[in-house]
Amino acid sequence: MTGDVLLEVRGVSISFGALRAVQGIDLEVRRGQVTSVIGPNGAGKSTLFNLISGNLSPSAGYVALEGRRLSGRPVHEISVLGLGRSFQITNLFFDLTVMENLLVAAQVLEPRQRLLRDPRFSGRAQARAEQLLHQFGLAAKERELAGHLSHGEQRRLEIAVSLAAEPRLLLLDEPTQGMAHEDTAETAALIRRLAEDITILLIEHDVGLVMDISDHVMVMHMGRKLAEGTPSQIRADERVLDAYLGRG
Ligand code: ADP
Ligand code: MG
């Protein structure tokens with residue numbers, strides 16, 4: 001149901017040596033909404049995503065998707081449970097084609113006994129990959145190596161790859177990073193379109209974009225939650241203005 005809690009993050013923490021990168025973060029992501037995490041560089045945003053996606057295990061707390069605990073499960077199992085993510089640093093196979101990148105990611109849609117076969121011959125993965133090629137305007141590049149795409153195309157392919165397994169929650173880590181202004185606007189439009197069909201948890205440094213497309217915003221600062229609320233509540237929050245957004 002729209003508005004119920006899809007992802008629950010409870011008291012998650014992790015340290016790297018003496019650095020407390022994420023400290024006791026609570027967050028609820030509601031179905032059908034765009035929830036964003038903002039905060040200065042080094043605040044712990046990507047680490048929080050790694051804790052949610054299972055790339056890191058929390059030293060305390062847990063993450064649950066639709067009431068099922070994700071923490072402690074391997075990444076591929078978390079992906080089967082319904083979580084797709086794109087990384088701040090590109091996570092494509094540069095020496096595979098655009099189509100092959102999508103097919104590899106769509107493999108989890110196949111019945112188990114098909115997994116060992118050539119992905120090009122399996123029906124559901126193929127159909128999903130073709131759908132995404134068109135949806136993301138990459139059909140003409142189907143046979144190009146991912147490594148030969150422009151930066152903007154790679155970011156777009158990466159979002160398509162994160163959607164290949166038909167997740168219920170999409171995690172996007174700075175999808176506009178390194179983009180020119182027009183590409184950022186295009187990506188904002190793309191995220192808005194995606195948000196009609198899928199719940200999104202977004203990390204983004206472009207505060208204007210975040211305020212424009214989010215239903216709920218959490219601000220992180222030095223591993224902790226500094227504030228959360230609607231975009232207008234965040235814009236007016238004294239602590240956020242002092243620590244992050246600045247005044248004027
Ligand atoms: P953000 O995404 O908000 O910019 P990160 O989550 O990437 O912040 O990083 C939070 C802090 O944790 C930073 O100080 C970063 O240097 C540190 N950090 C992140 N990953 C690791 C790691 N694997 N090992 C050691 N330190 C890390
Ligand atoms: Mg980051």
Side-chain angles (χ1 to χ4, degrees), residues 7-29 34-63 70-75 78 83-92 151-152 154-159 161-162 167 169-180 183-184 187-188 190-191 200-214 216-229 231 234-235 237 239-246:
L7 182 85
E8 185 188 5
V9 177
R10 279 285 162 253
V12 297
S13 300
I14 193 169
S15 296
F16 301 117
L19 176 74
R20 295 173 163 192
V22 170
Q23 297 187 61
I25 293 289
D26 289 318
L27 177 67
E28 289 179 347
V29 174
V34 177
T35 301
S36 296
V37 180
I38 60 174
N41 260 336
K45 306 180 298 294
S46 293
T47 303
L48 177 65
F49 266 31
N50 284 327
L51 291 166
I52 293 171
S53 64
N55 293 84
L56 289 172
S57 283
S59 58
Y62 69 89
V63 177
L70 302 183
S71 306
R73 295 181 199 257
V75 173
I78 290 175
L83 194 139
R85 74 165 291 185
S86 82
F87 290 79
Q88 181 168 11
I89 296 160
T90 288
N91 195 41
L92 299 170
H151 181 74
Q154 286 177 352
R155 300 299 307 191
R156 222 156 65 219
L157 175 58
E158 210 190 349
I159 298 174
V161 162
S162 347
L169 174 67
L170 178 63
L171 264 53
L172 297 173
D173 193 349
E174 301 207 11
T176 70
Q177 195 190 31
M179 278 187 184
D183 286 344
T184 299
T187 304
L190 173 68
I191 294 171
I200 294 177
L201 180 57
L202 171 73
I203 293 178
E204 183 49 60
H205 63 276
D206 187 321
V207 174
L209 187 156
V210 164
M211 296 305 183
D212 199 29
I213 68 177
S214 307
H216 189 78
V217 180
M218 175 171 85
V219 187
M220 282 184 77
H221 186 59
M222 294 167 68
R224 292 184 180 278
K225 174 159 63 180
L226 184 67
E228 70 178 320
I234 294 301
R235 274 188 200 285
D237 190 294
R239 290 160 305 170
V240 179
L241 289 170
D242 284 336
Y244 181 48
L245 293 181

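Side chains included, hydrogens not; waters and symmetry mates left out as well; all remaining heavy atoms used. Worth saying up front: this structure is predicted, and the values here are computed from it rather than measured. Just so you know, ligand 1 is whichever comes first in the structure, and atom 1 is the first atom listed for that ligand.
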Would you mind checking if Arg156 and Glu158 are paired as a salt bridge, meaning a charged N to carboxylate O distance below 4.0 Å? no
Taking the side chain as C-beta and beyond, is there a heavy-atom pair between Met218 and Leu226 under 4.5 Å? no
Starting from the C-alpha separation in whole Å, work towards a yes-or-no answer on side chain to side chain donor-acceptor pair (under 3.5 Å) for Ser46 and Asp173. CA-CA 7 Å; Ser46 293; Asp173 193 349; 2.7 Å; yes
Do His205 and Glu174 get their side chains close enough for a donor-acceptor pair, meaning under 3.5 Å? yes
With a cutoff of 4.0 Å, is Gly44 in contact with ligand 1, counting heavy atoms of the residue only? yes
Does Pro40 offer a backbone N or O that forms a donor-acceptor pair with the side chain of Lys45 under 3.5 Å? yes
Taking only heavy atoms of Ala21 into account, list the atoms of ligand 1 that are under 4.0 Å away from them. 12 (O)
Does any N or O of ligand 1 fall below 3.5 Å from an N or O anywhere on Leu19, backbone included? no
Ligand-side contact atoms (ligand 1) for residue partner Asn41, heavy atom cut-off under 4.0 Å: 4 (O)
Any chance the side chains of Ser214 and Ser36 put a donor and an acceptor closer than 3.5 Å? yes
When you compare ligand 1 with Gly42, is there at least one nitrogen or oxygen pair between them that comes in under 3.5 angstrom? yes
Any N/O/S atom of Asn41 sitting less than 2.8 Å from the Mg ion (ligand 2), backbone or side chain? no
Identify, by atom number and element, the atoms of ligand 1 in contact range of Ala43, meaning under 4.0 Å from any of its heavy atoms. 1 (P), 3 (O), 8 (O)
